[in-house]
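Taking it in order: structure first as structure tokens, then the write-up.
By convention in this document, chain letters (A, B, ...) are assigned in the order of the sequence lines, proteins followed by strands, and residues within each chain are numbered from 1. None of these values were measured; they are calculated from a predicted model.
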Protein chains: 2
Amino acid sequence: MSSTTKLTPKGAATRARIVEAAADHILAHGVGGTSLDDIRAGTATSKSQLFHYFPGGKTDLVAAIASFQSERVLEAQRPFLDTLDTWEAWEGWRKAVVAHYGSQAHWGCPIGALASELIASDPAVSDEVAAYMDRWRGYLQAGVTRMQAAGLLRADAVPETLALSIFAALHGGLLLTQTMQSIEPLEAALEGAMAALHAWQAPTRPSLSEVGSESLA
Amino acid sequence: MSSTTKLTPKGAATRARIVEAAADHILAHGVGGTSLDDIRAGTATSKSQLFHYFPGGKTDLVAAIASFQSERVLEAQRPFLDTLDTWEAWEGWRKAVVAHYGSQAHWGCPIGALASELIASDPAVSDEVAAYMDRWRGYLQAGVTRMQAAGLLRADAVPETLALSIFAALHGGLLLTQTMQSIEPLEAALEGAMAALHAWQAPTRPSLSEVGSESLA
DNA sequence: AACTTTCTGGACCATATAGTCCACAGATGT
DNA sequence: ACATCTGTGGACTATATGGTCCAGAAAGTT
């Protein structure tokens, strides 16, 4: 979809400028509330440039923005996102998420909002966004899985379900930050999600001595 | 906003027909993906009727749909929603929610999706939708509050936060039903929310399974 | 310098869509 | 029966917006 054409440094810079400004505008006003003219005005570019860098038109541009925002959002959760192996890591992740979305220029999640809006209107881009969401969820699931493998979570926990519930709480919290114009719902949602995760905490200290003695006896 | 003009039975029926059909179309394709012509075609009406019953145009119509869907959604959660005083009621509520959204023609929540889309583009209607969301959340909070008053939840639980986290989980689950085209995320989300709520269960009777780590005294 | 390629500006087009208007049908009340 | 009000049809308008096109500037390549 994106261009296979060559980009000079200047061109790349312009393209980046467009994506960033458009991403901002879309976060604030949604895809439907963002016209190509808005973007043109906000970036001091011309119509032809928009179609030069995004031959597929608005759809193409929105897809680029989705990719851009996806990267940005995942990056904000690092390094915790990659190593959700301990309770401390989850705690760090939680704080990073709250800090990131609290410092954004507008409430809500660029990816979540995009997903919700596009699923109803643009199936093609929507699939792409859904893929980003899946990847994101995958990181959480990987963490839960490793927590379980390490004996921190009960053996009968289902990592997929657990990760899904945390992911859902996260996005619900983010959705509500929009309607309530406050960070509170996100904080409450993650607090709840962490509580639910702790509910599956393995019985205290599966220490070697205890396991050993039992098997010996 | 709505008409103060008189409506004959015939008129009321037409108006209702428009609202219902439009609500459906909007649930499927979003506000941006629904033109007045779509609605006209889907209801066998004419342009003039749309403006006759909704003088404010599309905005007015969307507001009416929000109200309609809000009622419908709350109704689907009854009678549990009004009496979330026991663990059984919450369980019943959970099942009712899953059943309702599982039987809808399309994934997602009409109110949540509307809120997400409109906040970015139409502040006026968005406020109205946010009010419906608040009312909805209020029911959950009232339930949690009564649970606590009845001694079913610990005294140091914060009903507002707890209800908010459940509400967030619910809407996150609903958002993900859209991206994943499955009821699973909603089920997982509510499962998690219930687990988080149970984490605040008052230790009235030590009839717990095998959790000896927490309450000793 | 000559030449090619990329970048940029903005006029222009096509059309989708919200919204207006008016004529007429069909009730309803007196 | 008459007058009046509500309901309905559909042509018409205005405009916002996505998209095209081409000429020319800037950069880079030989």
Listed pairs, N/O of protein and of nucleotides 27-30 of chain C, under 3.5 Å:
none

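Here the side chains of B:Leu118 and B:Glu128 are not in contact, with every heavy-atom distance at 4.5 Å or above. Looking only at side-chain heavy atoms (C-beta outward), A:Leu114 and A:Gln69 stay at 4.5 Å or farther from each other. Side-chain contact check for A:Glu20 versus A:Asp24: every heavy-atom pair is 4.5 Å or farther apart.
Cation-pi geometry between A:Arg137 and A:Tyr132 is not met: the NZ or CZ atom fails to fall both under 6.0 Å from the ring centre and inside 45° of the normal. Geometrically, B:Arg94 does not engage B:Phe80 in a cation-pi contact, judged by NZ or CZ lying under 6.0 Å from the ring centre and within 45° of the ring axis.
B:His52 places its NE2 atom 19 Å from the P atom of C:dC24, with the value rounded to the nearest Å. Rounded to whole Å, atom P of D:dG7 lies 9 Å from atom CD of B:Gln49. Straight-line distance from the CG atom of B:Leu50 to the C1' atom of D:dG9: 13 Å, rounded to whole Å. Regarding B:Ile39, its CD1 atom lies at a distance of 11 Å from the C1' atom of C:dA18, rounded to whole Å.
Nearest heavy atoms, A:Cys109 versus A:His171: SG-CE1, 4.1 Å. Across every non-hydrogen atom of A:Arg146 and A:Asp82, the tightest pair is NH2-O, 3.1 Å.
Side-chain N/O atoms of B:Thr45 include none lying less than 4.0 angstrom from OP1 or OP2 on D:dT8. Between A:Tyr53 and the phosphate of C:dT6, there is no side-chain N or O to OP1/OP2 separation shorter than 4.0 Å.
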request  = Quick one, give me the B/S/- string for nucleotides 14-20 of chain D, reading 5' to 3', where B means a protein heavy atom under 4.0 Å from the base and S means that only happens at the primed atoms, P, OP1 or OP2.
outcome  = ---SBBB
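Side-chain polar atoms of B:His25 and B:Thr34 form a donor-acceptor pair below 3.5 angstrom.
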